2 protein chains.
Amino acid sequence: MLRRRLLAAPLAAAPGLAPVLAQGAGEPPIALRAMGSFHIGGREAVVTGRPVKEVALVPGSVPARIDPNGTYQVEAMYVQYHLPAAPRGAVPLLLWHGGGLTGVTWESTPDGREGWQQYFLRWGWATYVSDAVERGRAGWAMSPEIFQGDPVFLTKQDPWERFRIGAGPGSWRTRTALPGTQFPIDAYDAFMRQVVPRWTTTDAAQLAAYRALLRQVGPAVVLAHSQGGLFACRAAQAEPAQVRALVLLEPSGFGEATPEALGALRGIPVLALYGDFIDQDARWPAIRQRGLDFYEKLRAAGGAVEVVSLPERGLRGNSHMMMMDRNNQAVAQVVQDWLAARGLWQ
Amino acid sequence: MLRRRLLAAPLAAAPGLAPVLAQGAGEPPIALRAMGSFHIGGREAVVTGRPVKEVALVPGSVPARIDPNGTYQVEAMYVQYHLPAAPRGAVPLLLWHGGGLTGVTWESTPDGREGWQQYFLRWGWATYVSDAVERGRAGWAMSPEIFQGDPVFLTKQDPWERFRIGAGPGSWRTRTALPGTQFPIDAYDAFMRQVVPRWTTTDAAQLAAYRALLRQVGPAVVLAHSQGGLFACRAAQAEPAQVRALVLLEPSGFGEATPEALGALRGIPVLALYGDFIDQDARWPAIRQRGLDFYEKLRAAGGAVEVVSLPERGLRGNSHMMMMDRNNQAVAQVVQDWLAARGLWQ
């Protein structure tokens with residue numbers, strides 16, 4: 001302990017580094033057997049008929065002849081893994097982010113605390129954090145030649161009012177947060193730096209890459225947020241042998257409802273978590289209801305679904321971004337306890 | 001050792017996972033005091049006059065009203081850090097990637113071996129791997145409203161012929177590699193999955209974010225590749241107190257050549273590394289010559305620059321992507337020995 005404090009001292013002089021240094025303070029080191037990353041999935045796409053350009057890629061350097069015509073490698077997904085030296089999870093834990101975001105969702109919180117990636121690693125899970133097709137390190141493809149439609153960009157106002165951080169429509173103008181919110185609102189700008197553009201026309205490519213990931217590293221537990229819930233349900237329906245459990249954090253999309261598709265999930269326990277302030281929101285009651293309808297169909301088909309409303313468990317104030325809220329460790333503990341109770345962690 | 005092999009066994013059954021498992025095999029665990037990430041830098045940008053849309057962000061879900069007008073958080077950089085439990089580097093090591101790429105450059109190689117991030121971590125360096133502004137997890141901004149000009153996309157042909165992997169112009173058609181190349185050409189498609197779009201109009205924003213990073217975590221060693229060399233030299237000239245050494249891997253851009261700017265680098269030792277096959281390439285002799293001219297000016301101003309041609313050290317066959325070539329550990333060792341000789345590692 002003393003040694004760690006001494007080592008931290010010179011760095012602590014740097015302004016603004018306090019949150020980084022606070023991470024893991026007093027915790028034992030994280031020991032990794034291996035860490036690394038890979039891209040998976042995707043296809044080739046051919047572009048023709050565009051003009052060739054001479055481009056100065058670096059000012060003053062030798063111009064490069066850039067010919068945009070040819071074959072591109074597109075629609076792969078990025079995956080970064082950290083494998084603990086002393087694993088306790090029965091299978092790997094795959095963390096799938098929501099729309100307009102990347103795997104950064106699971107890393108340090110916007111205000112510099114540890115995130116779910118670190119918590120689950122410390123609990124001994126092999127973690128695989130991915131950036132979905134066209135998000136973050138997955139890269140993106142020429143549009144409209146390869147990707148259809150326009151990308152969606154989010155202003156600072158949008159998640160504030162839509163993710164149950166601010167008090168609904170109009171609350172950005174006055175920066176009015178929901179009373180009792182657990183979101184670290186002083187770090188809202190830092191959260192907005194995590195937001196990336198997204199298309200709405202790439203679902204099939206994203207699903208294909210998630211399925212490829214499951215075939216590569218499954219069987220696994222899939223922990224998915226928001227838009228990621230759509231892919232988690234559908235990938236599990238398509239690759240049921242590769243999924244041991246589904247954890248859905250406020251999913252905004254769900255699985256197919258055919259008897260075959262529902263039946264595929266029969267052996268896969270599902271935990272669905274919902275935060276606070278849903279009843280007073282304009283859109284969230286309907287999004288949750290779509291989930292409740294799907295879970296009911298799943299139960300009728302023999303599936304096992306547990307729905308947890310965090311406020312009913314005494315965890316109040318959670319936004320849509322519950323994995324980065326101030327009580328994010330307590331929320332992670334709900335997931336961890338549920339997985340342990342299913343024999344997936346020793 | 002026995003325990004590790006047993007743990008790996010169930011995973012080894014998954015097809016295609018062999019490279020992942022091979023990583024770190026037989027090595028001691030990597031022990032981390034902390035790990036995490038943050039975004040740094042950037043500014044706000046306002047967009048007006050665009051139509052509001054109702055968008056189905058997830059099929060069948062409650063449509064969201066997306067108003068693209070408003071304030072965006074743009075031009076931040078993404079930084080991921082791993083801090084060893086037993087540090088041996090005197091200062092942190094910052095790894096800055098080249099054009100059309102992200103921090104993935106330093107992670108696992110395209111053929112699944114360990115990369116420089118892992119090597120330097122195992123040597124006890126605190127590593128900070130960044131995605132430059134508009135690349136990867138840094139996200140990108142609306143264009144042409146915020147970013148000027150068109151993004152550049154690279155076909156599969158382009159790096160093959162331009163990064164001294166294939167045997168120059170025309171070699172992609174026949175997939176002719178340079179004889180004796182160290183690049184893992186069987187994994188070329190995996191490398192192309194790492195390539196991301198880039199603008200050529202964002203240099204000022206990238207430099208500003210790199211400077212902010214140096215002020216946040218410096219003093220530091222900066223290890224930069226290709227386009228990253230431009231930013232490394234200029235950020236060091238602007239923040240010389242925050243840089244202890246510069247390591248430039250085939251830089252394609254350099255510092256300012258004013259007396260003041262050259263003088264700022266006087267106390268910062270520079271190592272410049274060049275791979276093989278340069279003399280037979282159409283563009284690389286001129287790119288290297290621009291570097292040699294800059295180093296000569298730097299020496300005349302009192303700076304210390306060491307230029308290493310890897311083939312002259314007996315390391316033959318290196319491409320522009322030397323950190324992922326098959327002999328990437330031997331190349332990393334050249335850097336590590338140079339840093340140790342400068343008292344920056346014990």
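Naming convention: chains lettered A, B, ... in sequence-line order (proteins, then strands); numbering from 1 in each chain. Values in this document were obtained by computation on a predicted structure and should not be read as measured data.
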query: Salt bridge between A:Glu256 and A:Arg234, side-chain N to carboxylate O under 4.0 Å?
result: yes

message: Within the structure provided, determine whether A:Arg290 and B:Ser61 are in side-chain contact (heavy-atom separation under 4.5 Å).
response: yes

Winner by heavy-atom pair count (cut-off under 4.5 Å) against chain B, out of A:Val74, A:Asp150, A:Ile66: A:Ile66

task: Go through the atoms of B:Gln117 and report whether side chain, backbone, both or neither lie under 4.5 Å from a heavy atom of chain A.
output: side chain

Heavy-atom proximity to chain A below 4.5 Å, by part of B:Thr200: side chain

- prompt: Contact part of B:Trp199 toward chain A, heavy-atom cut-off under 4.5 Å: side chain, backbone, both or neither?
  reply: side chain

- request: Give, as side chain, backbone, both or neither, the part of A:Ala45 having an atom under 4.5 angstrom from any heavy atom of chain B.
  value: neither

- prompt: B:Leu121 versus chain A, heavy atoms under 4.5 Å apart: side chain, backbone, both or neither?
  reply: side chain

message: Which one wins on heavy-atom pair count under 4.5 Å against chain A: B:Val47, B:Val196, B:Val58?
response: B:Val58

- prompt: So, B:Arg33 and A:Glu27, do they make that salt bridge, N to O below 4.0 Å?
  reply: no

- prompt: Contact part of B:Thr102 toward chain A, heavy-atom cut-off under 4.5 Å: side chain, backbone, both or neither?
  reply: side chain

- line: Which of B:Glu107, B:Arg193, B:Arg137, B:Gln194 passes side chain to side chain donor-acceptor pair (under 3.5 Å) with A:Tyr78? Answer is B:Glu107

task: Return the orientation label for the B:Phe153 and A:Trp140 ring planes: parallel under 30°, perpendicular over 60°, tilted otherwise.
output: perpendicular

task: Select one option (side chain, backbone, both, neither) describing which atoms of B:Val55 are under 4.5 Å from chain A's heavy atoms.
output: side chain

message: How close do A:Pro92 and A:Pro219 get, counting heavy atoms only, and between which atoms?
response: CD-O, 3.3 Å

query: Quick one: what part of B:Pro59 sits under 4.5 Å from any heavy atom of chain A, side chain, backbone, both or neither?
result: both

task: Can you tell which part of B:Arg162 gets under 4.5 Å to a heavy atom of chain A, answering side chain, backbone, both or neither?
output: side chain

query: So which part of B:Leu57 gets closer than 4.5 Å to some heavy atom of chain A, the side chain, the backbone, both or neither?
result: both

field: Side chains of B:Tyr81 and B:Thr127 in contact at under 4.5 Å (non-hydrogen atoms)
entry: no

field: Choice from B:Pro197, B:Gly103, B:Ala286 maximising heavy atom contacts with chain A below 4.5 Å
entry: B:Pro197

query: Which bit of A:Arg65 comes within less than 4.5 Å of chain B, counting heavy atoms only: side chain, backbone, both or neither?
result: backbone

query: Given a strict heavy-atom distance threshold of 4.5 Å, which part of B:Ala138 is in contact with chain A: side chain, backbone, both, or neither?
result: backbone

message: Ring centres under 6.0 Å, that's the criterion: do B:Trp172 and B:Tyr188 meet it?
response: yes

- prompt: So which part of B:Val152 gets closer than 4.5 Å to some heavy atom of chain A, the side chain, the backbone, both or neither?
  reply: side chain

Contact class of B:Ala141 relative to chain A, heavy atoms under 4.5 angstrom: backbone

query: So which of B:Ala64, B:Pro110, B:Pro151 has the largest heavy-atom pair count under 4.5 angstrom toward chain A?
result: B:Ala64

- request: May I ask you to name which of B:Gly100, B:Pro63, B:Pro169, B:Ala282 has the most heavy-atom pairs under 4.5 Å with chain A?
  value: B:Pro63

field: Closest-packed option against chain A by number of heavy-atom pairs under 4.5 Å, given B:Asp189, B:Asp158, B:Asp67
entry: B:Asp189

